[in-house]
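Numbers restart at 1 for each chain; the letters A, B, ... are given by sequence-line order, proteins then strands. Below, each value reflects all heavy atoms present in this structure, side chains not excepted, and no hydrogens, waters or symmetry copies.
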There are 2 protein chains.
Amino acid sequence: MSGGVEWGLHCCVVLCGAGEPVPAAKLAKLHDVSPSYLAKQLQLLSKAGLVRSTQGQSGGYRLTRDAAEITMLDVVEAIDGPQPAFRCTEVRRRGPMAVPPERCATPCPIARVMDSADRAWRESLRVVTIADLAAEVDTTTPRELLDRARAWLSA
Amino acid sequence: MSGGVEWGLHCCVVLCGAGEPVPAAKLAKLHDVSPSYLAKQLQLLSKAGLVRSTQGQSGGYRLTRDAAEITMLDVVEAIDGPQPAFRCTEVRRRGPMAVPPERCATPCPIARVMDSADRAWRESLRVVTIADLAAEVDTTTPRELLDRARAWLSA
DNA sequence: GAGCGCCTACTCGGATATCCGCTGTCCGAGTATGAGTGG
DNA sequence: CCACTCATACTCGGACAGCGGATATCCGAGTAGGCGCTC
């Protein structure tokens, strides 16, 4: 999986806590990652409609809707793409013993199981929202650290 | 995911039905794929202990144990490796607002959810065996085609 | 005819090129801000 | 004092290189089977 997914998720959590637009450069510095590359991930989030960008001074990114309405799956699919990891190439229709297409009404059993596993994976990500992540961070991090981070973001 | 996973699974199903060792070249021709590259996947299966190779004339690959004792997850992990797709880089410990390591007793919430999803995915693959796949192929494919394939393999 | 040795052909195994996608970077388009100026 | 204009600096967005891993390939090591020779 693309490593940018992790960055995108962390950025969404940060944006959830920030009340004002946050520039990509500040998010990059906060996480100590490449600003240019993080910008690309944020653009993907923007194209997916999860975040909205504002240009000019005091501009930046902010969430388009409440964090409770954004799932981890939304972010993952925005950055990694919605296509499943496994793609059936219909091996059974090739070679000297190829199954004729009219006999392939039912999908390949292998593909079916793979799709089932993929759905289970996605479902696990769909039931967790950015708000859930932010809440867990809030409860497990000392308040002093959170306040410092808020102040640093606003500065 | 590596495309060779699909080939490896199909090969295991074929080996399940074949009573004698099958050479890699024959498996490749049957599926109409690159013999050299398929050989690499079979070597991975061999290293994982799922299949056993026999050299010399009338040699080839055969399963090391009953197909009911080999899960799809075994094959997937043998070829794609056992490491999860998502790897947490501990972003929270970096940057100006880094969380001190002693405060990181609990894993990053994002990583926890990702690991949970990964376990769900693997569990979906663990409950299906090669024997299950072979049984489904047997019931959904016309007997005449199956017999032709058997004969072609033995020839 | 039986046993032995060798030879051949076939098999796998690992080392070797090639290509595509993720990673990382840059510069141009667009806009909110703020100062400056005129009424 | 207010409103308008403009210059500025900051923002995002898309286009451009670099590298690692998956893809694809090849040749050498090793072995089972078969043939021929000898006894």
(request) Give a yes/no answer on whether the side chain of B:T54 brings an N or O atom under 4.0 Å of OP1 or OP2 in D:dA32. (result) no
(request) For A:Q83 and C:dC22, give me the distance from atom CD to atom C1', rounded to whole Å. (result) 13 Å
(request) Identify whether the distance between the nearest side-chain nitrogen and carboxylate oxygen of B:D74 and B:R65 falls below 4.0 Å. (result) yes
(message) If the threshold is 4.0 Å, N to carboxylate O, is there a salt bridge linking A:R122 and A:E77?
(response) yes
(message) Distance check needed: D:dC27 P versus B:K40 NZ, whole Å only.
(response) 16 Å
(request) Using only heavy-atom distances, determine whether the side chains of A:T129 and A:E69 contain a donor-acceptor pair under 3.5 Å. (result) no
(request) Counting heavy atoms from C-beta on, name the nucleotide in D:dT23, C:dC22, D:dG30 closest to the side chain of B:Q55. (result) D:dG30
(request) Specify the separation, in whole Å, of atom CD of B:Q57 and atom P of D:dC35. (result) 10 Å
(request) Would you classify B:K26 as touching base, sugar-phosphate or nothing, given that sugar-phosphate means primed atoms plus P, OP1 and OP2, and contacts are heavy atoms under 4.0 Å? (result) nothing
(request) Mind calculating the distance between CZ (B:R52) and P (C:dT11) to the nearest angstrom? (result) 18 Å
(request) Would you mind telling me which residue lines up with the more 5' stretch of DNA chain D, B:S58 or A:V22, judged by nearest nucleotide? (result) A:V22
(request) Name the closest nucleotide to the B:Y37 side chain, picking from D:dT23, D:dG13, D:dC16. (result) D:dT23
(message) Whether B:S53 contacts C:dT11 is assessed here as follows: a side-chain N or O lying under 4.0 Å from the phosphate OP1 or OP2. Is that the case?
(response) no
(message) Output the rounded distance in Å from CD (A:Q43) to C1' (C:dC26).
(response) 12 Å
(message) Just the rounded figure in Å: distance from C1' of D:dA24 to CG of B:L42.
(response) 15 Å
(request) Salt-bridge test for B:E136 and A:R112: reply yes if a basic N is under 4.0 Å from a carboxylate O, no otherwise. (result) yes
(request) State, without any angle test, whether A:R62 and A:T54 hold a side-chain donor-acceptor pair at a distance under 3.5 Å. (result) yes
(message) Regarding A:A24, tell me which of base, sugar-phosphate or nothing describes its non-hydrogen contacts under 4.0 Å with the strands shown.
(response) sugar-phosphate
(message) Just the rounded figure in Å: distance from C1' of D:dC12 to CG of A:L45.
(response) 14 Å
(request) Ignoring backbone atoms, establish whether B:S46 has a side-chain N or O less than 4.0 Å from OP1 or OP2 of C:dC12. (result) no
(message) Both B:A39 and A:S36 contact DNA chain C. Which one's nearest nucleotide lies toward the 5' end?
(response) B:A39
(message) Rounded to whole Å, please give me the gap between CG in A:L44 and C1' in C:dC22.
(response) 12 Å
